[in-house]
Amino acid sequence: MKATDFLTVRDLSTKEILETFTIARAMKKNRAKYATALKGKTLALIFEKPSLRTRTTFDVGIQQLGGYSLYLSPAEISLGKRESVYDVAKNLERMVQGIMIRTFAHQIVVDMAEYASIPVINGLTDYSHPCQAMADYLTILEHKKTLKGLKLCYVGDGNNVAHSLMFAGARLGVNVTIACPKGYEPDAVATQQALDDAKKTGAVIDVVESPQEGVKNADVVYTDVWASMGQEAEAAERKSIFQPYQVNAELMKRAKKDAIFMHCLPAHRGDEVTADVIDSKQSVVFDEAENRLHAQKAVMYQLMKRVK
Ligand code: CP
Ligand code: NVA
């Protein structure tokens, strides 16, 4: 891995993403073999938003590699308020061997990576969620045995998760259709970047308004919450706008017969997905959640093994 930080999936080449999957699968198969891979190294976990999966998988993941984690809550650091991002970076690089951050503005992780001499891993920003996409495509690979040429349809808000799924799809040759209401499309720059990257792999990236059209022929149907963390005030308004984008049994029927259902979680049964879909045999949501652990261990290993 050439990159020294992992801020977006675009930091990695196609080959590096596939290599990361290979390492993740080896780690999943034989945990003991990697028990001292990051012996004695510490990862600081900065959280400015809540988390179940990200916190648990980074915490457990670094321990399984022989290292330690340090949880820093929003109350503790208060990035940019109690202390500048620059000063936090300059302190932490003297004390730990890696930083994972979950925050609001993407620029904060970009700045942290610029200032800190140690690896910075994006654990979700308003703009992207690269660790999620790595775990998701690893999960798709496990279930479908291949990636290139598959079709993933993401139904819902053109948010951080949608961006990362487009970036990774473009790199991996997976066709990604985003089906979203007008006004909730993915960021225009992100879409253009995915389209540019897709030229190399032949992936088709498109944004449509109709979920029924979008899921046609899909191997994977994916959705996420209608109001992301930080958008709580818009929740009621979004609930009515996104109602036609609910992934239910009827919509799933329009995808391929053997389509899998995915969701980054947390999920709201009855809103973006019905209980019969998320709890069905087609659903692989807990495989995705588990694969956060394996994919991130592979990312941490490649970035942090170099740090003294
Ligand atoms: N999918 C995901 O990132 O979950 P958490 O918000 O619980 O970390
Ligand atoms: N889009 C969601 C993802 C949660 C993992 C959010 O940002 O809240």
Side-chain angles (χ1 to χ4, degrees), residues 6-9 24 43-62 69 71-74 99-109 121-140 152 154-168 176 178-181 184-187 190 220 222-235 237-239 241-242 245-247 261-269 271-273 278 283-297 299-300:
F6 185 51
L7 308 186
T8 126
V9 176
L43 179 73
L45 306 174
I46 302 178
F47 278 94
E48 300 216 293
K49 291 179 178 177
S51 168
L52 168 68
R53 280 147 293 274
T54 306
R55 178 171 178 191
T56 309
T57 51
F58 272 107
D59 201 336
V60 170
I62 187 81
S69 75
Y71 173 69
L72 298 162
S73 73
I99 302 170
M100 187 242 69
I101 321 182
R102 165 168 287 195
T103 188
F104 293 87
H106 189 73
Q107 193 58 40
I108 291 177
V109 298
I121 300 172
N122 176 0
L124 179 145
T125 63
D126 291 342
Y127 182 70
S128 73
H129 197 2
C131 294
Q132 182 68 51
M134 294 297 280
D136 292 339
Y137 283 94
L138 173 62
T139 307
I140 297 170
L152 179 152
Y154 172 98
V155 183
D157 186 23
N159 60 16
N160 44 10
V161 171
H163 293 162
S164 294
L165 291 171
M166 283 197 307
F167 294 149
V176 177
I178 308 288
C180 57
Y184 294 88
E185 294 90 355
D187 177 74
V220 180
Y222 198 119
T223 193
D224 184 13
V225 291
W226 292 336
S228 285
M229 292 179 276
Q231 297 173 331
E232 289 77 9
E234 294 171 37
E237 186 193 353
R238 284 170 169 265
K239 202 171 167 148
I241 294 169
F242 282 97
Y245 291 80
Q246 182 186 67
V247 177
F261 170 76
M262 301 183 82
H263 191 311
C264 55
L265 306 178
H268 300 120
R269 285 170 174 76
D271 284 349
E272 74 274 6
V273 60
I278 195 169
S283 173
V284 299
V285 298
F286 301 118
D287 294 338
E288 290 177 79
E290 181 191 334
N291 278 337
R292 293 289 305 277
L293 175 67
H294 310 297
Q296 289 160 198
K297 279 172 74 178
V299 170
M300 283 189 279

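When a ligand or atom number is given, it counts from 1 through the structure's own listing order. Computed over heavy atoms, backbone and side chain alike; hydrogens, waters and symmetry mates excluded. Only a predicted model underlies this, so the values are computations on that prediction, with no experimental measurement involved.
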Worked verdict on D126 versus K49 for salt bridge (Lys or Arg N to Asp or Glu O under 4.0 Å): CA-CA 11 Å; D126 291 342; K49 291 179 178 177; 2.6 Å; yes
CA sep, side-chain torsions, deciding dist, call: S69, D59, side-chain hydrogen bond (donor to acceptor under 3.5 Å, both in side chains): CA-CA 6 Å; S69 75; D59 201 336; 2.7 Å; yes
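In this structure, atom 3 (C) of ligand 2 lies nearest to the protein heavy atom D224 OD2, 3.6 Å. Nearest to atom 4 (O) of ligand 1 among the protein's heavy atoms is R53 NE, 2.8 Å. Atom 7 (O) of ligand 2 has N160 ND2, 2.8 Å as its closest protein atom, hydrogens excluded (heavy atom only). In terms of protein heavy-atom proximity, atom 2 (C) of ligand 1 is closest to R292 NH1, 3.2 Å. Protein heavy atom closest to atom 8 (O) of ligand 2, with residue, atom name and distance, is M229 N, 2.8 Å.
Note: no N/O pair closer than 3.5 Å links R102 and ligand 2 by distance alone. In terms of N/O distances under 3.5 Å, ligand 1 is not approached by M229. Considering both main-chain and side-chain atoms, R55 never comes within under 3.5 Å of ligand 1 through any nitrogen or oxygen pair.
Assignment of R102 to the shell around ligand 1 is supported, since a heavy atom sits closer than 4.0 Å. Within the structure, ligand 1 lacks L124 among the residues with a heavy atom less than 4.0 angstrom away.
Judged purely by distance below 3.5 Å, without hydrogens or angles, the side chains of E272 and T223 never pair a donor atom with an acceptor atom. For the residue pair S128 and N122, a side-chain donor N or O sits within less than 3.5 Å of a side-chain acceptor on the partner.
In this structure, CZ in R292 is found 12.0 Å from CG in L138, a value given to the nearest 0.5 Å. In this structure, CD in Q231 is found 6.0 Å from CG in D157, a value given to the nearest 0.5 Å.
Close approach of ligand 2 to N159 (heavy-atom distance below 4.0 Å) involves ligand atoms 1 (N). Ligand 2 places these atoms under 4.0 Å from at least one heavy atom of L124: 3 (C), 4 (C), 5 (C), 7 (O). Proximity to H129 (heavy-atom distance under 4.0 Å) selects the following atoms of ligand 1: 2 (C), 3 (O). If you number the atoms of ligand 1 from 1 as listed, the ones under 4.0 Å from a heavy atom of L52 come out as 5 (P), 7 (O), 8 (O).
The two residues Y137 and V176 have their closest heavy-atom pair at OH-CG2, 3.6 Å.
Residue contacts with ligand 2 for L265 involve N, CA, C or O but no side-chain atom from C-beta outward (heavy atoms, distance under 4.0 Å).
Checked against a 6.0 Å centroid threshold, the rings of Y245 and Y184 do not count as neighbours.
R102 contributes a side-chain N or O that, together with a main-chain N or O of G123, makes up a donor-acceptor pair within less than 3.5 Å. At distances below 3.5 Å, at least one donor-acceptor pair connects side-chain atoms of E288 with backbone N or O atoms of H263.
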